[in-house]
K.L.:
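Provided herewith is a single structure, encoded as structure tokens, for subsequent inquiry.
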Amino acid sequence: MRLKIIGSAAGGGFPQWNCNYRLSREARAGTPGIQPRTQSSLAASADGNGWVLFNASPDIRQQIAQTPELQPAADGPLRSTPIRAVVLTNADVDHVAGLLSLRERQPIAIYSTTEVLRVLEANSIFNVLDPSIVSRRVLPPDQETAICDGEGRETGIVVESFAVPGKVALYLEGTSDPQADFSSDKGDTIGVRIANGQDKDAAFYIPGCARIDAGLRMRLAHAACVLFDGTLYTNDEMISAGVGQKTGARMGHISMAGENGAIAGLADLAIGRRVFVHINNTNPVLDENSSERAAVTAAGWEIGRDGMEIEL
Ligand code: MLT
Ligand code: MN
């Protein structure tokens with residue numbers, strides 16, 4: 001199975017359009033060791049021909065342009081694509097807005113939870129992907145689903161989805177509920193186990209996760225590869241950077257560092273490769289020469305970057 005990180009940044013990308021924090025500024029200036037990144041998405045292929053996308057970011061057009069494997073074959077039909085299906089891990093803008101760029105009556109399939117499919121259903125703009133051509137299919141939790149293209153042909157990629165602690169998309173948050181839970185596990189945010197039907201080895205893709213609990217640790221215990229929520233290094237990072245008022249916890253994202261962070265939470269597990277994805281433009285690890293980057297690397301983690309390939 002081939003996996004390709006086609007977008008490694010969190011919502012907004014890196015640099016973000018209106019962000020003048022030092023990291024975005026340096027990325028814009030082309031400072032060595034600070035690489036720009038597009039928004040959160042992963043591609044997987046069982047046979048090297050057909051690809052399944054995990055999330056469709058607003059940068060999808062650029063991501064396809066940067067990834068020859070996702071482009072129509074030079075000798076292919078007039079309308080064609082190697083993209084067979086899109087699996088959505090939540091309804092955040094950075095994960096669904098790219099669907100709109102996949103219009104033009106291409107029979108791909110969209111898979112997600114009933115909660116996320118309901119959000120697409122409620123926003124009629126997504127009907128530019130005519131539901132009679134682009135099938136929308138429920139990924140039932142906690143069981144394996146063979147991912148098929150829009151015409152029902154298997155892609156060879158098998159996915160098991162599971163709810164992780166998280167929240168509804170920002171644009172669906174109520175403003176008046178003081179009890180709102182930003183780390184519930186009701187199916188608004190999922191993680192996925194991605195496997196090639198024939199192989200035992202699997203990768204876990206979890207670009208949004210509010211905390212690591214016992215159930216998640218059990219799932220990840222012997223994983224060949226884990227691609228995990230690397231939004232923030234510390235919980236109050238956006239506040240101390242002066243670019244926002246929200247903590248990571250309020251946004252439904254765990255931090256990398258600290259006793260409740262992802263590094264500590266998964267440290268003792270026998271995971272083959274651990275890679276952070278969905279990295280926010282305030283995260284100091286984006287600077288390859290930072291002490292935080294050195295600490296994360298020393299803890300055995302890789303920092304995802306656009307175009308990074310993983311073969312299992
Ligand atoms: C998130 O991951 O928290 C969201 O993508 C934020 C957003 O929608 O801007
Ligand atoms: Mn996001």
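Values in this document were obtained by computation on a predicted structure and should not be read as measured data. Remember, it's 1-based here, ligands and their atoms both numbered in the order they're listed.
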K.L.:
Give a yes or no on whether H278 keeps an N, O or S atom under 2.8 Å from the Mn ion (ligand 2).
P.N.:
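Yes, since at least one N, O or S atom of H278 sits under 2.8 Å from the Mn ion (ligand 2).
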K.L.:
If the test is side chain to side chain contact (heavy atoms under 4.5 Å, CB included), which one of T189, L42, N55 qualifies with T89?
P.N.:
N55
K.L.:
Any N/O/S atom, backbone or side chain, of D94 lying under 2.8 Å from the Mn ion (ligand 2)?
P.N.:
yes
K.L.:
Under a 4.0 Å threshold between the charged nitrogen and the carboxylate oxygen, would R84 count as salt-bridged to E154?
P.N.:
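No.
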K.L.:
Is D188 close to V116 at the side-chain level, that is, under 4.5 Å between some pair of heavy atoms?
P.N.:
no
K.L.:
What is the closest protein heavy atom to atom 4 (C) of ligand 1, and at what distance does it sit?
P.N.:
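The answer is D92 OD2, 3.2 Å.
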K.L.:
Please list the nearest protein heavy atom to atom 7 (C) of ligand 1 with its residue and the distance rounded to 0.1 Å.
P.N.:
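For atom 7 (C) of ligand 1, the nearest protein heavy atom comes out as L170 CD2, 4.2 Å.
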K.L.:
Pull out every atom of ligand 1 sitting under 4.0 Å from any heavy atom of H278, numbered as shown with elements.
P.N.:
2 (O)
K.L.:
Apply side chain to side chain donor-acceptor pair (under 3.5 Å) to T81 and list each qualifying residue two or more places apart in sequence or on a separate chain.
P.N.:
none
K.L.:
Do NZ/NE/NH1/NH2 and the carboxylate oxygens of D130 and R103 come within less than 4.0 Å?
P.N.:
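Salt bridge absent between D130 and R103.
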K.L.:
Against heavy atoms of D94, which atoms of ligand 1 measure under 4.0 Å?
P.N.:
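Near D94, meaning under 4.0 Å from one of its heavy atoms, ligand 1 has 5 (O).
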K.L.:
Taking all heavy atoms of S112 and all of L88, pick out the closest pair and write down the distance.
P.N.:
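Taking S112 first and L88 second, the nearest heavy atoms are OG-O, 2.7 Å.
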K.L.:
Tell me the protein heavy atom at minimum distance from atom 3 (O) of ligand 1, and give that distance in Å.
P.N.:
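For atom 3 (O) of ligand 1, the nearest protein heavy atom comes out as H253 NE2, 2.9 Å.
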